[in-house]
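Notes to accompany the following structure.
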Amino acid sequence: MYLVADINVDICAQTSCKLCTQYCPEANTILYNDQLGKEKGYKYGAAYVAVDRCKGCAQCVWVCDNMAKHHAIKMVMIDQLPKAAITDNVMYGEKSTTALLASPVVG
């Protein structure tokens, strides 16, 4: 068991700051989806974590808490995530990268 980043979509989708995607030291680990949160009526999309790439460094938590002041990311045990994105289905677009949500990981 290990810790991975978990992003609160309700908080993240209200900001659209994307700082965590820029500061994560592991490429293609924190990604951004323009459609996350739309079903709840949020204007922006939200970031999400490809958990099989997350090293648990918590750099994103520091950036979100201290630079962005959003407090949308916390570290959780991987078996406690309600669902997770894995990188088996990564799609590389011209201006974006998307990891599709695979079957949920239930804790």
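In this text the structure is predicted, and so the values were computed from the model without any measurement. Values below: all heavy atoms of this structure, side chains included; hydrogens, waters and symmetry mates excluded. We count residues from 1, following the sequence as given.
For Q35, the side-chain contact (heavy atoms from CB on, under 4.5 Å) partners two or more places apart in sequence, or in a different chain, are N33, K38.
Using a 4.5 Å heavy-atom threshold, the side chains of V49 and T29 count as touching. Using a 4.5 Å cut-off on side-chain heavy atoms (C-beta onward), I30 and I7 make contact.
Put simply, the side chain of R53 never gets that close to the backbone of E26: no donor and acceptor are under 3.5 Å apart. Checked by atom type and distance alone, the side chain of Y32 pairs as donor or acceptor with a backbone atom of G45 at under 3.5 Å.
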Output a table of donor-acceptor pairs, distance under 3.5 Å, between side-chain atoms of residues 10-19 and any protein atom two or more places apart or on a different chain; print 'none' if there are none.
{"unit_1": "D10", "atom_1": "OD1", "unit_2": "K40", "atom_2": "NZ", "d": "3.0"}
{"unit_1": "D10", "atom_1": "OD1", "unit_2": "Y42", "atom_2": "OH", "d": "3.3"}
{"unit_1": "Q14", "atom_1": "NE2", "unit_2": "D10", "atom_2": "O", "d": "2.7"}
{"unit_1": "T15", "atom_1": "OG1", "unit_2": "C12", "atom_2": "O", "d": "3.0"}

Would you tabulate the side-chain donor-acceptor contacts of residues 60-74 under 3.5 Å, counting partners in other chains and residues two or more places apart, or write 'none'?
{"unit_1": "D65", "atom_1": "OD1", "unit_2": "H71", "atom_2": "ND1", "d": "3.1"}
{"unit_1": "N66", "atom_1": "ND2", "unit_2": "W62", "atom_2": "O", "d": "3.1"}
{"unit_1": "K69", "atom_1": "NZ", "unit_2": "N66", "atom_2": "O", "d": "3.1"}
{"unit_1": "H70", "atom_1": "NE2", "unit_2": "A68", "atom_2": "O", "d": "3.4"}

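For the pairing with D6, the side chain to side chain contact (heavy atoms under 4.5 Å, CB included) check across V76, V51, I78 returns one residue only, V76.
Considering all non-hydrogen atoms of both residues, P25 and Q59 come closest at CD-CB, 4.1 Å.
How far CG of L3 is from SG of C57: 11.5 Å, rounded to the nearest 0.5 Å.
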